[in-house]
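In what follows, a single structure is set out as structure tokens and then discussed.
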Amino acid sequence: AQSVTQPDIHITVSEGASLELRCNYSYGATPYLFWYVQSPGQGLQLLLKYFSGDTLVQGIKGFEAEFKRSQSSFNLRKPSVHWSDAAEYFCAVGGGGGADGLTFGKGTHLIIQP
Amino acid sequence: KAGVTQTPRYLIKTRGQQVTLSCSPISGHRSVSWYQQTPGQGLQFLFEYFSETQRNKGNFPGRFSGRQFSNSRSEMNVSTLELGDSALYLCASSLEGENGYTFGSGTRLTVV
């Protein structure tokens, strides 16, 4: 069965500092990996996705993620966070094609200190 | 182009009642999937429809059902509501082959 682990429930970062959110996955085949962000009371917004090819993926809002097959990881990074980045971040894995649905991690709550 | 539209945004129902939620996908998207989000269980996959056929279903009781119409709009129904069904229900649409999912803003269901 597929699974996603986000080890950090909460992370506090100072504005302007760098950020890395961890994500480890378990999937039997080639994974399709996603990072989503959710603001309070809102739906999920796709930050970036990895299907194949270059293991470093660029997304929106200055985020990037690196796929490391040997470590089963897909960590999200941003060189300098802004107060507006405060939100809940979810990593997800799927088999592609839509039929299998996505399996989400429990999420990481990002707090930005002024 | 318009995003994924879910209606209503908020809903309050009484235990034992049933509820129907609606989702209009992005134009051209034929795949629609549904997720339940609760503080305790997080985001869980309910089911996925493509061209009016359910292709996969998550681990939820039979009280949860859905359907998709010829215009790709989808509805999900929950019968005999329980307090534990209180959640944010999210719908996502996908363009087959693109393997990306766009989510709506969700329907917040409260069961009292």
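Keep in mind that this is a model prediction, so the values were computed, not measured. We name chains A, B, ... by the order of the sequence lines, and we start the count at 1 in each one.
The number of heavy-atom neighbours closer than 6.0 Å to CZ of B:Arg15, taken from other residues, nucleotides and ligands shown, is 12 or below. No more than 12 heavy atoms of other residues, nucleotides or ligands lie within 6.0 Å of CG in B:Asn59, so this atom counts as exposed by the packing criterion. Heavy atoms from other residues, nucleotides or ligands lying under 6.0 Å from CD1 of A:Ile9 number 12 at most. Enclosure of atom CD1 in B:Ile12 is not indicated, since only 12 or fewer non-hydrogen atoms of other residues, nucleotides or ligands lie within 6.0 angstrom.
For chain A, the nearby part of B:Leu88 is the side chain; its heavy atoms alone come within less than 4.5 Å. Of the two parts of A:Gln38, only the side chain, counted from C-beta on, holds a non-hydrogen atom closer than 4.5 Å to a non-hydrogen atom of chain B. Using a 4.5 Å cut-off between heavy atoms, B:Gln37 contacts chain A through its side chain alone, with no backbone atom that close.
A:Phe34 and B:Phe103 fall within the same hydrophobic cluster, where Ile, Leu, Val, Met, Phe, Trp and Tyr residues are linked whenever their side-chain heavy atoms come under 4.5 Å apart, directly or through other members.
B:Tyr35 places no side-chain N or O within donor-acceptor distance of the main-chain N or O of A:Gly101, the cut-off being under 3.5 Å. Between the A:Lys106 side chain and the B:Gln41 main chain, a donor and an acceptor come within less than 3.5 Å of each other.
Two residues are said to be in side-chain contact when any heavy atoms from C-beta on lie closer than 4.5 Å; B:Tyr101 and A:Leu44 fail this criterion.
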